[in-house]
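One structure is given below, encoded as structure tokens.
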Amino acid sequence: MKVLGIETSCDETSAAVVEDGVRILSNIVASQVELHQKYGGVVPEVASRRHVELILPTIQSALDEASCKLDDIDLIAVINRPGLIGALIVGVSAAKAIAYATGLPLVGVHHLEAHIYANYLVDPDVQFPFICLIVSGGHSDIVWMTGHGRYESLARTRDDAAGEAFDKVARALGLGYPGGPAIDRLAKEGNPSAIAFPRARVGETLDFSFSGIKTAVVRYAAAHPETPIADVAASFQEAVVDVLVENTFAAAAQKGAERVLISGGVAANSLLQSRARQRGTELGIQVAIPPAKLCTDNAAMAASAGYFAYLRGVRDGPDLDTYATEPLGTR
Ligand code: KG4
Ligand code: ZN
């Protein structure tokens, strides 16, 4: 079954063709990073307008690269929640128009579910149950997944998402946008123990809170201009990764999990990857993380999640709507 995936929830216009939810035939990502760089972050209205220009050529490129025509496609899967409404509407409108014109079935996909299913594009035999840490520009969640579409939320962020903290700290340190990759690169030259930034705990929960560390880093950098920025970046990254790994493996211990998956843009972070793998080896827990290009936003992950949703009976129609916020697992 060939699935056309479409993703426009933020600043990437992406279309992909994926076979049986696991084999990528094409995965085109038209990034708008350069467009938003001069503003230091994503400007929603600018993103929407660019999606309008890029969506049809991106879909055509995805079909061409997969050597497909619309006639060869069996299902359309589009991310419809959560995200920037004006951005989501572009992808969802295109998906609905194609579905209407061709008579193909349509499935709306949750963005975080798509991030989780990026793992199926690497290992089609991922076994349930597993713990998944989803860390992106908008979310930091730990979920316990016991079957397709069956989620239990174990933790979320009380304020900023991990990626948001990376982006805000990078901006304050003058490292540009997007901040995650810039901090990841610079931290390799710095001393991660130079500054002991706070590791926030939220009571007895496994929830995250990253706004305090962001403020601490900004204040520290202003008060200590003599400290090399690489040390500040490395110490900040160390503190964030520390909390992400601690809470994820605490969740795994709570559930007796044998498997931990990590996904979302921040999963591309080299320290998070090495720490999580190291901890997994120590504890005898299998750790899976997709390659960087499948961690950040892309439509192949939407096609994969849409395929498995379709198999469990999810169907959408011309009334498919978009949602700025919606928890995972509400349908
Ligand atoms: O999943 P994603 O592409 O978009 C959202 O759904 O938000 O994640 C983007 C986020 C950004 O905040 C970006 O700075 C962060 O992922 N990111 C990273 C790295 N690569 C991307 N954060 C830390 N280290 C990286 N290597
Ligand atoms: Zn994302």
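Just so it is clear, the values below take in all heavy atoms, side chains as well, and ignore hydrogens, waters and symmetry mates. Atoms within each ligand, like the ligands themselves, are counted from 1 in listed order.
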**Prompt:** Quick one: nearest non-hydrogen protein atom to atom 6 (O) of ligand 1, plus distance?
**Reply:** His111 NE2, 3.0 Å

**Asked** Which one of Pro82, Gly180, Gly138 has a non-hydrogen atom at the shortest distance from atom 22 (N) of ligand 1?
**Response** Gly180

**Prompt:** Are any non-hydrogen side-chain atoms of Ile289 and Cys295 less than 4.5 angstrom apart?
**Reply:** yes

**Prompt:** Polar-atom distance check: Asn269 versus ligand 1, any N or O pair below 3.5 Å?
**Reply:** yes

**Message:** Would you say the Zn ion (ligand 2) has Cys10 as a near neighbour, meaning an N/O/S atom of that residue under 2.8 Å away?
**Reply:** no

**Request:** Starting from atom 3 (O) of ligand 1, locate the nearest protein heavy atom and write down its residue, its atom name and how far away it is, to 0.1 Å.
**Result:** Asp297 N, 3.0 Å

**Prompt:** If hydrogens are left out, which of Ser270, Ala118, Ala182, Gly137 has an atom nearest to atom 10 (C) of ligand 1, that is, the closest non-hydrogen atom?
**Reply:** Gly137

**Closest non-hydrogen atom pair, Asn119 against Pro290** = OD1-CD, 3.5 Å

**Request:** Check whether any side-chain heavy atom of Phe197 sits under 4.5 Å from a side-chain heavy atom of Asp242, and report yes or no.
**Result:** no

**Mode of His139 contact toward ligand 1 - side chain, backbone, both, neither (heavy atoms, under 4.0 Å)** = neither

**Asked** Between Thr8 and His51, does any side-chain donor sit less than 3.5 Å from a side-chain acceptor?
**Response** no

**Request:** Consider ligand 1: state whether an atom of it lies below 4.0 angstrom from any non-hydrogen atom of Cys10.
**Result:** no

**Request:** Decide, yes or no, whether a salt bridge links Arg49 with Glu53 under the criterion of side-chain N to carboxylate O below 4.0 Å.
**Result:** no

**Prompt:** Below 3.5 angstrom, do we get any N/O pair linking Gly163 and ligand 1?
**Reply:** yes

**Asked** What residue and heavy atom of the protein are closest to atom 17 (N) of ligand 1, and at what distance?
**Response** Gly265 O, 3.5 Å

**Request:** Would you mind running through ligand 1 and noting each atom that sits below 4.0 Å from a heavy atom of Thr296?
**Result:** 3 (O)

**Request:** Please tell me if the side chains of Val135 and Phe166 come closer than 4.5 Å, counting only heavy atoms from C-beta onward.
**Result:** no

**Prompt:** Considering only heavy atoms, does Asp167 approach ligand 1 within less than 4.0 Å through its side chain, its backbone, both, or neither?
**Reply:** side chain

**Prompt:** Is the closest side-chain heavy-atom distance between Ile116 and Met301 below 4.5 Å?
**Reply:** no

**Request:** Evaluate the side-chain proximity of Val240 to Val169: yes if any heavy-atom separation is below 4.5 Å, no if none is.
**Result:** no

**Item:** Residue part near ligand 1, for His115, under 4.0 Å between non-hydrogen atoms
**Value:** side chain

**Fill in**
So the angle subtended at the Zn ion (ligand 2) by His115 atom NE2 and Asp297 atom OD1, rounded to 10 degrees, is 100°

**Request:** May I ask you to test the Asp159-Thr157 pair for a side-chain heavy-atom distance under 4.5 Å?
**Result:** yes

**Asked** Which of the numbered atoms in ligand 1 are below 4.0 angstrom from a heavy atom of Ala268?
**Response** 20 (N), 26 (N)

**Request:** Answer yes or no: is there a side-chain heavy-atom contact under 4.5 Å between His139 and Pro82?
**Result:** yes

**Complete:** the protein heavy atom lying closest to atom 26 (N) of ligand 1 turns out to be Asp184 OD2, 2.9 Å

